[in-house]
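Numbers restart at 1 for each chain; the letters A, B, ... are given by sequence-line order, proteins then strands. Because the structure is predicted, anything quoted here is derived from the model rather than measured. Just so it is clear, the values below take in all heavy atoms, side chains as well, and ignore hydrogens, waters and symmetry mates.
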Protein chains: 2
Amino acid sequence: MVHGAVRAELETVKAHFKKDGLRWTQQRELIVETAFLTHEHFSAEQLLELTRLRAPEATVHLATVYRTVQVLEEGGFVEGLEVEKGGRLFEHVLGHEHHDHVICLECGHISEFHDEVLEQGKEFAAKKLGFEMRRHSLRIYGSCIALARDGVCPNAPAAANKNT
Amino acid sequence: MVHGAVRAELETVKAHFKKDGLRWTQQRELIVETAFLTHEHFSAEQLLELTRLRAPEATVHLATVYRTVQVLEEGGFVEGLEVEKGGRLFEHVLGHEHHDHVICLECGHISEFHDEVLEQGKEFAAKKLGFEMRRHSLRIYGSCIALARDGVCPNAPAAANKNT
DNA sequence: TTTCGTGCAAAGTTTTTGCAGGTCT
DNA sequence: AGACCTGCAAAAACTTTGCACGAAA
């Protein structure tokens, strides 16, 4: 089930592909849909699994996921997040307000937050340097919010990936 | 030539190693010295090359660099910086004031800056979330400062690595 | 039908690991 | 001597690429 906002954005992506003479294939549609439906950060491998779950009958290959995500990133539809171990994680943008990340050093869990004061501070700092800011990434590392609150890390030591 | 500040820090690192029952070998000393003498971000491979330049007679292997950098990172003597392509870059900390990074999307050049307003903003934002901040990383991507100023990217397209 | 995309497998990168011999304490 | 390190090579983990066939325009 693809609800309104996702459907609209899907059209935008489709238009973007067509504009560049790229084809809108079954695989691409599935991958993009899945990326937009996922409210988590995902690796290429996870996105593949999620896509296959949604469409077990279709054939989708990891290489295709990589290729599609690359186009999406260039188009500004998803953003990559480099992490310390393993490869990169992605998240859709889909008109989201920019947000920063809070990463638990214990379990790898990633939370998001938005702080207007910080946003203005970045804007100002970049301007002061005469630097043309295109995008930015702030990550705060420490102990999980839930860990601090409940005394328990909801994501067990071995469960850094969570896509349910 | 190892000047004062580096020498002092070297002793600190050495003490840290010994405290943990780790040995202070010729390789480790060379690698750590080199890391502290370098005022640039370096990859493991670059650190190896720099070390070999400083001590052509010694034998140092890439695996040893990785192992040493790992210990240094755990001890808080260097910090890793995940980058979009290829592996991670490192930089020594050596009592430096914390700084943020400005990365040119054209040439990959990394500049640094420090902004007290931003620092306080991060502190405040983390506190507001009840998150225990251990460290943080802010990166602003855009066009090189020098590019904006001079109209020329000082680091030619193919020269993302610069360690002189 | 022409062009582009896909699956597959192979190659590329960067980082980690097992092992046997060498070095530090 | 004993524990820890190192170089080497092989393995791992992640991503990219060449190619022949299949799908989109």
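- B:E79 and B:H98 share no side-chain donor-acceptor pair at under 3.5 Å.
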Protein N or O to nucleotides 7-9 of chain D N or O, pairs below 3.5 Å:
residue: D:dG7; atom: OP1; partner: B:T59; partner atom: O; Å: 2.4
residue: D:dG7; atom: OP1; partner: B:T59; partner atom: OG1; Å: 3.1
residue: D:dG7; atom: OP1; partner: B:V60; partner atom: N; Å: 3.1
residue: D:dG7; atom: OP1; partner: B:H61; partner atom: N; Å: 3.2
residue: D:dG7; atom: OP2; partner: B:H61; partner atom: N; Å: 3.0
residue: D:dG7; atom: OP2; partner: B:T64; partner atom: OG1; Å: 2.2
residue: D:dG7; atom: N7; partner: B:R67; partner atom: NH2; Å: 3.0
residue: D:dG7; atom: O6; partner: B:R67; partner atom: NH2; Å: 3.3

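- Contacts with DNA chain C (heavy atom under 4.0 Å) in residues 70-78 of chain A: none are found.
- Comparing B:R23 and A:E45 by the nucleotide of DNA chain D whose heavy atom lies nearest to each, the residue mapping closer to the 5' end is B:R23.
- The nearest whole Å value for the distance from the CG atom in A:L89 to the C1' atom in D:dT15 is 14 Å.
- The pair A:K122-A:E119 counts as a salt bridge, with a side-chain nitrogen and a carboxylate oxygen less than 4.0 angstrom apart.
- Not counting sequence neighbours, the partners of A:T64 by the side-chain contact (heavy atoms from CB on, under 4.5 Å) test are A:Q27, A:I31, A:H61, A:R67, A:T68.
- Across every non-hydrogen atom of A:Q26 and A:A58, the tightest pair is OE1-CB, 3.2 Å.
- Distance B:R28 CZ to D:dA3 P: 17 Å, rounded to the nearest Å.
- Shortest non-hydrogen contact noted between B:S137 and A:Y141 is CB-CE1, 4.4 Å.
- Atom pair B:D20:CG and D:dC5:P shows a separation of 10 Å (rounding to whole Å applied).
- Scanning both residues, A:F17 and A:L72, for their nearest heavy atoms gives CE1-CD2, 4.2 Å.
- Taking the C1' atoms of five terminal pairs at each end of the helix from C:dT1-D:dA25 to C:dT25-D:dA1, the two resulting helix axes are inclined by 30°, rounded to 10°.
- Along DNA chain C, the nucleotide nearest B:S43 and the nucleotide nearest B:Q26 are compared for position; the residue whose nucleotide lies closer to the 5' end is B:S43.
- Across all non-hydrogen atoms, the minimal contact from B:F90 to B:A44 is CE1-N, 4.3 Å.
- Legend: residues meeting salt bridge (charged side-chain N to carboxylate O under 4.0 Å, His left out) with A:R23, ordered by chain and number and at least two apart, are absent.
- Both B:T25 and B:F90 lie near DNA chain C, and the one whose nearest nucleotide falls closer to the 5' end is B:F90.
- Interface limits on DNA chain C: the 5'-most and 3'-most nucleotides within less than 4.0 Å of chain B heavy atoms are C:dT14 to C:dT25.
- Checking A:E123 against A:H136 by side-chain atom types alone, no donor-acceptor pair falls below 3.5 Å.
- A side-chain contact (heavy atoms from CB on, under 4.5 Å) with A:H101 is found for exactly one of A:L89, A:L81, A:V83, A:I140, namely A:L81.
- Closest contact between the side chain of A:K18 and the listed nucleotides D:dA25, D:dT15, D:dA24 involves D:dA25.
- Residues A:F42 and A:Q46 share a closest heavy-atom pair of CA-OE1, 3.2 Å.
- For A:E116 and A:H114, the side-chain atoms include at least one donor-acceptor pair closer than 3.5 Å.
- Formation of a donor-acceptor pair under 3.5 Å by the A:H41 side chain with backbone atoms of A:I110 is not found in this model.
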